[in-house]
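See structure below.
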Amino acid sequence: MTELLGWVPLFPFLGFLTLVLAGGRLFKPLIAWIGIGSVGISALLVCLIGVDFLNGTVPFYRLLLGSWIAMDDLSAPFGFYLDALSMTMLFVVAGVGFLIHVYSAGFMESDPGYARFFAYMNLFVSAMLVLVLADNLVLLYLGWEGVGLGSYLLIGFWYEDPNNGYAARKAFVMTRIGDTAMALGLFLLFTQLHTFDIQSLMRLATGQWAPGTLLPVASAALLLGGAVGKSAQLPLQTWLPDAMAGPTPVSALIHAATMVTAGVYLIARTHDLFLLAPAVQFAVAVIGTITLLIAGCAALAQTDIKRILAYSTISQIGYMFLALGVGAWSAAIFHLLTHAFFKALLFLAAGAVIYCFHHEHNIFKMGGLRKAMPLTFWSFIIGGAALSALPFTSGFYSKHEILLEAYAASPGLWAAGCLGALITGIYSFRLIFVVFFGTQSRTIEKGLGLSMSVPLLLLAILALFGGVLQIPLDSVFPVNPASSDALTLVSVITIAAPFFGLLIAVLFYLTHTFSSQRFANYGWARPVRKLFLSGWGFDALYDGLLVQPFTSIARLNKNDIVDRLYLALAWLGRELHRMISAAQTGRVRWYASSLVLGTVAVIALGLLS
């Protein structure tokens, strides 16, 4: 079945082309069949390929579809590479992406841009599939930029609102910063190692470069720049909360299954290079740790249901970066897998609340929905438990593994990760208690159709039991035996951390033993809450340091100083022309006199010299 690999990204792309060219003339049911069916066929192929691959004894499979770029020593074919890592990513992108597409059929049913929505979604999925299957960095970069284009189109889908267009541009520009660094890293790798083939690059780098030297450090740092931008990690994390401007299925697709995990995948795919740059690898861990803490604190203060989940995504990607930074490669990808399940579930469940609540996003205008929306309530309970890493959920197994391996590398990083787990328990159950408990503030008039209910049910099962789906990655990554030495006390603290968060949420938001409002109004708490609500003020910082100076210079230069130079040259040309043209009188005697005077002057100069 592995020979069918080339069809996996092709079907969503064909769906995109069909909907772009003919979507406006098709009936909605047919649009849905094309949009969902194209991704569904890819998901079916992935299942067939996965069974064949996992039952086989070959650790990888390479498929060459043709030549793309071939000149001198530059070669970049259309080639796909399948191993345990890319197989895992295929299950996430195609499987979870298919469920999100099914959900979208009901959520977007009344939207006038129905065909355009599914066209963009198909393009996004196709680009992400190319990214995770590419066997060379040029093809990977094609998928990388395709995902960037798809995210821009989807975030700004409701472009009639200028704020949505702003959010799309912000995401596009901020991720381009990281993409520029990544492109420079690709150029550096090619100029030094003369190939774009990923496996060959890793072998050559390991064989030719000494650990800690300039070239591997510079290359890894530039690739890290690309990963930070795409995965919304410090300092390029501010685009992700604003990306909530898009429809809720877009948030689920971008934040759970695809785009934000691309940076994690890039570092994991090039892990040999990061092993040659220990300082950069440690920087990955530090960036992830700081990001998971600041994003978790920001989530504590949000009132928009989708922004809470957005900051949660940034925090959970931080855990993946922490794992990558301490060499827990398999744990990072395992958490990527489980995160796709429970975060897609949470976003789609949030979409169900928004859908039934007439597009209300403020959680404090909701309440008492557990009886009116039982499926959504239990979806949130399961998703919140998995997000908080409560025992026997999928998130518990992956996050617990990350924290134990973090302790083996650095007790400080482990302590920060446990603090992040406590914070996660607080904001996860704060959201659940506020939205689903208390007094119901509004009657629910609309119910969830089958297309929205079935994906919630399947994702809830995966979020609960998905921990058993871990794919063995020993053939891709080196085994880290340090995690087996973790102390029992450390394991107990790791497990207990989210329970303390749950207890705090119960006391403040369920039993109201303590008043959250009174606590927030304390003198010292008010500015802290404001800081958290603003996402630690990064937008204001960047606005003051970068945006305002740039716009001020633009205003001063509104007439364009560069144009002044060209205008001066044009003026000089006109003046010289006017001066020269004054000598053209048309009088023959004046011309003859000028010739005589010129001749006399030349002779005189000759005699004097």
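To the nearest 0.5 Å, atom CE of residue Met182 and atom CD of residue Glu145 are 8.0 Å apart. Rounding to the nearest 0.5 Å places CG of Leu240 at 10.5 Å from OG of Ser312. Interatomic distance, Leu234 CG to Ile287 CD1, rounded to the nearest 0.5 Å: 7.0 Å. Between the CE atom of Met452 and the OG atom of Ser104 there is a distance of 9.0 Å, given to the nearest 0.5 Å. One distance of note links CG of Leu153 with OH of Tyr120; it measures 5.0 Å at 0.5 Å rounding.
Side-chain polar atoms of Asn122 and Ser38 form a donor-acceptor pair below 3.5 angstrom. Checking Ser200 against Thr195 by side-chain atom types alone, no donor-acceptor pair falls below 3.5 Å. Asn136 and Trp68 share no donor-acceptor pair across their side chains, judged by distance under 3.5 Å alone.
Under the rule for a side chain to side chain contact (heavy atoms under 4.5 Å, CB included), the partners of Leu184 that lie at least two apart in sequence or sit in another chain are Phe187, Leu222.
The ring of Phe118 has its center closer than 6.0 angstrom to the ring center of Tyr114. A ring-centre distance under 6.0 Å is found for Phe157 and Phe117. Under the 6.0 Å cut-off for aromatic ring centres, Phe334 and Tyr397 do not qualify, their centroids lying 6.0 Å or more apart.
Asp272 pairs in a side-chain contact (heavy atoms from CB on, under 4.5 Å) with only one of the listed residues (Leu201, Leu204, Thr206), which is Thr206. Of the listed residues (His335, His339, Lys343), just one forms a side-chain hydrogen bond (donor to acceptor under 3.5 Å, both in side chains) with Gln316, and that residue is His335. When each of Phe13, Phe11, Phe16 is paired with Ser126, the side-chain contact (heavy atoms from CB on, under 4.5 Å) condition holds for Phe13 and for no other.
Atom CH2 of Trp33 is surrounded by 12 or fewer heavy atoms from other residues, nucleotides or ligands within 6.0 Å.
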Can I get a per-line list of side-chain donor-acceptor pairs under 3.5 Å for residues 88-99, giving both atom names and the distance, sequence neighbours left out?
unit_1	atom_1	unit_2	atom_2	d
Thr88	OG1	Ala84	O	2.8

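Among residues at least two apart or in separate chains, salt bridge (charged side-chain N to carboxylate O under 4.0 Å, His left out) pairs with a member in residues 223-246 are Lys170-Asp242, Asp179-Lys230, Asp242-Arg307.
Seen from the ring of Tyr319, Lys399 counts as a face-on cation partner, given the 6.0 Å and 45° thresholds.
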